[in-house]
Visitor: 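Starting off with a structure, shown below.
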Protein chains: 2
Amino acid sequence: MAARTPDTDLSDTASRLRNAIVRTSRALRQEAAGESGLSPTQTAVLASISRSGLVTPSELARLERVKRPTMTRTLACLEREGLIERTPDPADGRSSLVAINEAGRERLARLRRRKSAYLASRLRKLDPEEVETLSRAAELLDRMREDERP
Amino acid sequence: MAARTPDTDLSDTASRLRNAIVRTSRALRQEAAGESGLSPTQTAVLASISRSGLVTPSELARLERVKRPTMTRTLACLEREGLIERTPDPADGRSSLVAINEAGRERLARLRRRKSAYLASRLRKLDPEEVETLSRAAELLDRMREDERP
DNA sequence: TAGGCTAATTACCTGAGCTAACTTTCATAT
DNA sequence: ATATGAAAGTTAGCTCAGGTAATTAGCCTA
């Protein structure tokens, strides 16, 4: 059986991880402001829409773990930018279906190239083994959040 | 010699890492709102002050990679909460020196226990080896940001 | 000692999260 | 058939945390 990790170590790791994430997230936000015109939040939502195909605002809010009014605002912004389309939901008159359009796809492709450049340029300075560590960390972070059911 | 990591892999890793960080950061912010009374940003600054001893607002802004007015506001908040003290800088009349006080140290200790609980409780469900991966990832994220000199 | 640089602050803008309250629509129970 | 309750979306209004521009006060140097 695997050795138990002492709680003090876990707290320490948690604390360091938290600070690293907060600061990196801030750096990402700043980077975004300069280049692309879309914030990390907006980019994440656009990517979610792209992955989902046709999706309701509520579902998006659930995916992004954000409350519905927040998603309403973000979608309004993406729509203003002309990156998404909305059609009425034929199955539910209260709802609408959101989809990415051609401009959105292009923007997303460009963003993936340019905006990941911030992290990618830094990843490029690391060993392949360190990149692998970060890649696995990304999966772990996502998995850690999965069993939240609030 | 180590195999070169192809750029497409780097972009992919960068993209996944970015989304994971953005979403985790959001989860942390929500968690913070409930419990402790201090946001992740405020916590990070208080921890920075604690590490630094006596430090000027400008230096803190540099450490946290934030503009000075932003730091002014955050410090005002920490001061209102009675967690830090300011003394005039004997060497420079324009500046002041910031230090954590006893209440700040206590709060920080409590925060480290309580606020890391969010991450710690999730870390607890992972294998020790996975925790180790995240621990190394935290170091790597910090190192990656270090060579920014804008 | 005049002029320019730097530290800090103030005022104001934006984005992104939240809750509360409202409208419209759906589903259901009577 | 209709009344009631739940759910989707929005609107309004709050907060925090970032930013820029402009101001004030102090430092330094030619």
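Just so it is clear: chains get the letters A, B, ... in the order the sequence lines come, proteins before strands, and each one is counted from 1.
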Visitor: Atom CZ of B:Arg23 to atom C1' of C:dG17: distance rounded to whole Å?
Guide: 16 Å

Visitor: Among A:Arg105, A:Arg107, A:Glu102, which residue satisfies the side-chain contact (heavy atoms from CB on, under 4.5 Å) criterion with A:Leu83?
Guide: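 The single option meeting the side-chain contact (heavy atoms from CB on, under 4.5 Å) with A:Leu83 is A:Arg107.
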
Visitor: Expressed in angstrom and rounded to an integer, what is the separation of A:Glu79 atom CD from D:dG9 atom C1'?
Guide: 13 Å

Visitor: Heavy-atom nearest nucleotide on DNA chain C for B:Pro57 versus A:Ala91: which residue maps closer to 5'?
Guide: B:Pro57

Visitor: Figure out the CG/C1' separation between B:Asp89 and C:dA7, and round it to whole Å.
Guide: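 Taking CG of B:Asp89 and C1' of C:dA7, I get 10 Å after rounding.
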
Visitor: Return no unless some side-chain N or O of B:Thr41 is found under 4.0 Å from OP1 or OP2 of D:dC16.
Guide: no

Visitor: At under 4.0 Å between heavy atoms, what does A:Thr72 touch on the DNA or RNA strands: base, sugar-phosphate, or nothing?
Guide: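 If one applies the 4.0 Å heavy-atom cut-off, A:Thr72 turns out to touch a base.
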
Visitor: Calculate the interatomic distance between A:Arg68 atom CZ and C:dT25 atom P; express it in whole Å.
Guide: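 Interatomic distance, CZ of A:Arg68 to P of C:dT25: 16 Å.
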
Visitor: Closer than 4.0 Å, any side-chain N/O of B:Ser58 to the OP1 or OP2 of C:dA8?
Guide: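 Checking B:Ser58 against C:dA8: at least one side-chain N or O falls below 4.0 Å of OP1 or OP2.
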
Visitor: Can a side-chain donor-acceptor contact be found between A:Glu59 and A:Ser52 if the only test is distance below 3.5 angstrom?
Guide: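 Judged by distance alone, the side chains do not pair up.
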
Visitor: Between C1' on D:dG18 and CG on B:Leu60, what's the gap in Å once rounded to a whole number?
Guide: 17 Å

Visitor: Cut-off 3.5 Å, side chains only: do A:Ser135 and B:Arg16 have a donor facing an acceptor?
Guide: yes

Visitor: Give A:Pro69 one of three labels, base, sugar-phosphate or nothing, depending on what nucleic acid heavy atoms sit under 4.0 Å from its own.
Guide: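 The residue A:Pro69 makes base contact.
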
Visitor: Check each of B:Glu130, B:Glu132, B:Glu129 against A:Arg136 using the salt bridge (charged side-chain N to carboxylate O under 4.0 Å, His left out) test, and report the only one that passes.
Guide: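 Exactly one option meets the salt bridge (charged side-chain N to carboxylate O under 4.0 Å, His left out) with A:Arg136, and it is B:Glu129.
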
Visitor: In terms of side-chain heavy atoms of A:Lys67, which of C:dT19, C:dA7, C:dG17 is nearest?
Guide: C:dT19

Visitor: Is there a donor on the side chain of B:Arg94 or the base of C:dA8 sitting less than 3.5 Å from an acceptor on the other?
Guide: no

Visitor: Got A:Leu119 and B:Met144 here, is their nearest side-chain heavy-atom distance under 4.5 Å?
Guide: yes

Visitor: For A:Ser96 and D:dA8, is the shortest distance between a side-chain N/O and OP1 or OP2 below 4.0 Å?
Guide: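 Answer no for this pair, as no side-chain N or O of A:Ser96 is under 4.0 Å from OP1 or OP2.
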
Visitor: Check the distance between D:dA7's C1' and A:Asp92's CG and give it to me in whole angstrom.
Guide: 8 Å

Visitor: Rounded off to whole Å, could you give me the CD-to-P distance for the B:Glu64 and D:dG18 pair?
Guide: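 Whole-Å distance recorded here is 9 Å.
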
Visitor: Expressed in angstrom and rounded to an integer, what is the separation of B:Met71 atom CE from D:dC16 atom P?
Guide: 16 Å

Visitor: Of A:Arg86 and A:Arg26, whose nearest nucleotide on DNA chain D comes first from the 5' end?
Guide: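 Checking each residue's closest nucleotide, the 5'-ward one belongs to A:Arg86.
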
Visitor: By the 4.0 Å heavy-atom rule, please label B:Arg73 as base, sugar-phosphate, or nothing.
Guide: base

